[in-house]
2 protein chains.
Amino acid sequence: MDSRQRAIDATAALLWRQGLRATGINQIVEESKSPRGSIYFHFPGGKEELAAAALRSAGAVMTANIRGALAHRDVRTAVKRFVLSYAKEMRESDFQHGCPIATVALEAASASPAIREVCAGVFAEWDALLVARLERDGIRGKKARKLGAVILSALEGAMILCRTHRTTEPLEWVAEHLTATLTAAAAPR
Amino acid sequence: MDSRQRAIDATAALLWRQGLRATGINQIVEESKSPRGSIYFHFPGGKEELAAAALRSAGAVMTANIRGALAHRDVRTAVKRFVLSYAKEMRESDFQHGCPIATVALEAASASPAIREVCAGVFAEWDALLVARLERDGIRGKKARKLGAVILSALEGAMILCRTHRTTEPLEWVAEHLTATLTAAAAPR
DNA sequence: CGTCCGCTGGACCGATCGTTCCAGTCGTCG
DNA sequence: CGACGACTGGAACGATCGGTCCAGCGGACG
């Protein structure tokens, strides 16, 4: 793997755990074993450009995971497994692995419009995947768009609570709640 | 107001918008007009101790707001107004005012156990308020606890999406969804 | 084989970080 | 009124930040 890709991967991993401000170029150099010069050669825009690339990369990985999880033919099972897969990731990482971009998104909201927009794009991609899956199940138009945003909101919020409380309960309860909601939405009166 | 309180208030405001790492002691000194020496006199533990105090303070303000919003006799109206009040805050602050502790909570999850625990305590307080309100409406025990966590999750997640997308739609959709959920929960088949 | 260029390694920059220290000020109380 | 202790203002600390610069390595290609 070339030094460019190593830098992206290391940065994505560090942003995931620590966020933007806490992740220094020195730390990226150490962990990625990419020389400082190479990083600024590949990313002339410095930390901001590297972080943007790392977020897009991490977002794409997640997108693939979501796509896989949502492949199950029963929506309820799909969403449930999808949400609970994060609970597993939480447990296995000692509650360090929440959403790979949420921390950065919040930091960037006040600090970097460019990075904020990258995060917005990634969120939009996930949302589109969810909405498409809901529509495949007969939940149409605005209703699907609203429900997709609610699912993503509940997931993101639950991950904050899980990391803060060091429990997986919020994710489990959200999974349960969304299953019930989808049952009601798919078979309305 | 004494310098101690000014430091707490300024820090709370800065943490709200910028998070922990982005908020420097210099900035706190400038905005609060508390001298450097005073800050370290009142908070010998330095930035961490000051941040903890600021988070507790911000948490208490929010607790009061939640208590007020939840006073409405109809739970659905109460929760709806409660959630939509954040949408208002978002709009009026140009999407800078989300949850006053979420950003810090995520940053602290990997950086500072002490601050993480303060955040956990604040979240628990809000959650307890929600659960108590739900129980007042006949939603009992575990069901109330689960639903409380789901409401808080959806709210926190929606605020991330709102700040990142610079829209209030996620909060509005979550408000709508929770209203429907509460209707179903309060009057089960 | 010689040239060239993408890439590397590391020294170095000024700025800013959180923290320490202390002389000085001010109100209070003996 | 003198002394004391709570608090202030600011200088200064070493560490680390993101970023720049450049000599030189090494593989590809004429």
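Convention: sequence-line order gives letters A, B, ...; per-chain numbering from 1.
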| query | So, B/E30 versus B/N26: side-chain donor-acceptor pair below 3.5 Å or not? | reply | no
| message | Any carboxylate oxygen within less than 4.0 angstrom of a Lys/Arg side-chain nitrogen, looking at B/R166 and B/D94? | response | yes
| query | For B/F43 and D/dC7, what is the distance between atoms CZ and P respectively, to the nearest whole Å? | reply | 12 Å
| request: Round to the nearest Å and state the distance from B/I28 atom CD1 to C/dT19 atom P. | output: 10 Å
| query | Can you name the nearest heavy-atom pair linking A/C119 to A/I101, along with the distance? | reply | O-CD1, 3.8 Å
| Short N-O contact, B/K146 and A/E176, less than 4.0 angstrom | yes
| Would you say D/dC7 has OP1 or OP2 under 4.0 Å from some side-chain N or O of B/S38? | no
| query | Taking NZ, NE, NH1 and NH2 as the nitrogens, is one of them in B/D74 or B/R76 under 4.0 Å from a carboxylate oxygen of the other? | reply | yes
| Between C/dG9 atom P and A/E30 atom CD, what is the distance in whole Å? | 15 Å
| Can you check the B/F41 CZ to C/dT20 C1' distance for me, whole Å? | 15 Å
| Protein-nucleotide distance (A/I39, atom CD1; D/dC21, atom P), rounded to Å | 18 Å
| For B/S3 and D/dT8, is the shortest distance between a side-chain N/O and OP1 or OP2 below 4.0 Å? | yes
| task | Apply side chain to side chain donor-acceptor pair (under 3.5 Å) to A/T103 and B/E107, showing your working. | result | CA-CA 7 Å; A/T103 312; B/E107 290 180 278; over 6 Å; no
What N/O pairs connect the protein and nucleotides 14-18 of chain D at under 3.5 Å? Give each pair on its own line.
from	atom 1	to	atom 2	distance (Å)
D/dC17	OP2	A/N26	ND2	2.8
D/dG18	OP1	A/T23	O	3.4
D/dG18	OP1	A/K47	NZ	2.8
D/dG18	OP2	A/I25	N	2.7
D/dG18	N7	A/R36	NH2	3.4

| remark: Winner on side-chain proximity to A/H42, out of C/dC7, D/dC7, D/dG9, is C/dC7
